[in-house]
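Both counts, for ligands and for their atoms, begin at 1 and track the order of listing.
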Amino acid sequence: MSRAEPAAAPAADPIPLFDPKAQYTRLKAEIDARVADALARGAYVNGPEIAELEGRLAEIAGAPHCIACANGTDALTLALLADGIGPGDAVFVPAFTYVATAGAVRLAGAVPVFCDVDPESRTLDPADLDRQAERVRRSGRLTPRAVIPVDLYGLPADYPAIAPVARAHGLAVIADAAQSMGARLNAAPVGALAPVTTVSFYPTKPLACAGDGGAIFTDDAERAERLRSMRTHGTDASRTAARLGMNSRLDTLQAAVLLAKLPAMETERARRADLAARYRRALDGAVDPAADRDDAQSAWALYTVASDRREAIRSALAAQNIGNSVYYSRPVHLHPAYRAFGDGPGSLPVSEGLAERVLSLPLTADMTEDQVDRVAAAVRAAAGA
Ligand SMILES: *Cc1c(COP(=O)(O)O)cnc(C)c1O
């Protein structure tokens, strides 16, 4: 042989947990054109892209009104403030979520009351919501006002079971759909599952911009008007500050990026759903599969398994250059900033157990079947299956 052999077999190509660059490469022509257009027009705040995006999103989400804003945390905070929720009020949140869900409650001045999640769906447990709401009512110190179910990893929370519990306790339902734009439950899109729904366009979410972004959906015209005013300092058309507000607009450039990505959103979701089904088959019996429901189409923001051998699996994946991460390694009630609002370790056992066992694997529309098989094989081997 005249050709020199490489000294060692090349390491397998890395498989990233998220791959925003691959999506950009695939949609480059549309994104670049939209962004160039917005740059040339010069309306960097409140450009025409904002209303266009809001119209498109409202249609997709099955909601009469969409209000774009700066990020998903502001979306939640604005939703709470717009309904007059603040000091002295209790807002029920799952303990197993990103800290922003509870953070928004605190930013509005209200008190987060942590509920446990269902071990299968990993979303808010309606029975625990009922218990916690009853407990708050009996103690008489706070007014129960709202519940924020979270569509964890892209799977809609159990809204049909949550709604009657919320009604019985007089709670408004605000859906935290930061991870589930594009998902459906009983054929109804996220955005039509609750009177108020908030989403995030952070780069790792199912519909992502090139930075921070968010939106609020609602079925109520007056609430929509308040929210529009509140994202611009509480001002009205005559620039009079009618109420308290914040500066929380979506940038025109981010709206341009999102408009360019919208046509691909459902195709990408369907591709991730196919790859998720492939993971489920390949990992059968090795780990607890990602949560799913027969009556839902998850947005598949993440493919999150659970295992007692998580650390061994993580080491094996790292050794093979396979991205992975733990969402979330600590339930919210055990974070220093939120300890005062919970009852400490042992109080929310399902959330605390999941924090020890969950592991998110790469799942993007740009992955190949072979890559999914490579990840699954590494997981199976390390799980001892
Ligand atoms: C990402 C996220 C948020 C916050 O969204 P940002 O746009 O990052 O502010 C809120 N809740 C959940 C469940 C999230 O995953």
Identity and distance of the protein heavy atom lying nearest [atom]:
atom	answer
atom 1 (C) of ligand 1	Lys205 NZ, 1.6 Å
atom 6 (P) of ligand 1	Gly72 N, 3.4 Å
atom 9 (O) of ligand 1	Thr73 OG1, 2.5 Å
atom 11 (N) of ligand 1	Asp176 OD2, 2.8 Å

Out of all atoms in ligand 1, which are within 4.0 Å of some heavy atom of [X]? Include the element for each.
X	answer
Val150	13 (C)
Ala100	3 (C), 4 (C), 10 (C)
Ser200	5 (O), 6 (P), 7 (O)
Gln179	13 (C), 14 (C), 15 (O)
Ala178	2 (C), 3 (C), 10 (C), 11 (N), 12 (C), 14 (C), 15 (O)
Thr97	13 (C)
Asn71	7 (O), 9 (O)

Problem - Tyr338 and Phe341 aromatic ring geometry - parallel, tilted or perpendicular at 30°/60° bounds - result: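 Tilted: the ring planes of Phe341 and Tyr338 meet at 30° to 60°.
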Problem - Parallel, tilted or perpendicular: ring planes of His333 versus Phe114, cut at 30 and 60 degrees - result: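 Taking Phe114 first and then His333, their aromatic rings sit tilted (interplane angle of 30° to 60°).
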In terms of hydrophobic clustering (I, L, V, M, F, W, Y; side-chain heavy atoms under 4.5 Å; direct or indirect links), are [X] and [Y] co-clustered?
X	Y	value
Phe201	Val150	no
Val199	Val173	no
Phe217	Val196	no

Handout entry: Test item: side-chain donor near acceptor, Gln132 and Arg135, under 3.5 Å
Key =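 Distance-only check passes for Gln132 and Arg135.
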Exercise for the section: Could you point out which residue of Leu171, Leu193, Leu129 forms a side-chain contact (heavy atoms from CB on, under 4.5 Å) with Ile162? Expected result: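 Option passing the side-chain contact (heavy atoms from CB on, under 4.5 Å) with Ile162: Leu129.
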Handout entry: ligand 1 to Asp212 polar contact by distance, N or O atoms, under 3.5 Å
Key =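 No: no nitrogen or oxygen of Asp212 is under 3.5 Å from one in ligand 1.
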Problem - Set of residues satisfying side-chain hydrogen bond (donor to acceptor under 3.5 Å, both in side chains) with respect to His169, sequence neighbours excluded - result: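 side-chain hydrogen bond (donor to acceptor under 3.5 Å, both in side chains) check on His169 returns Asp130.
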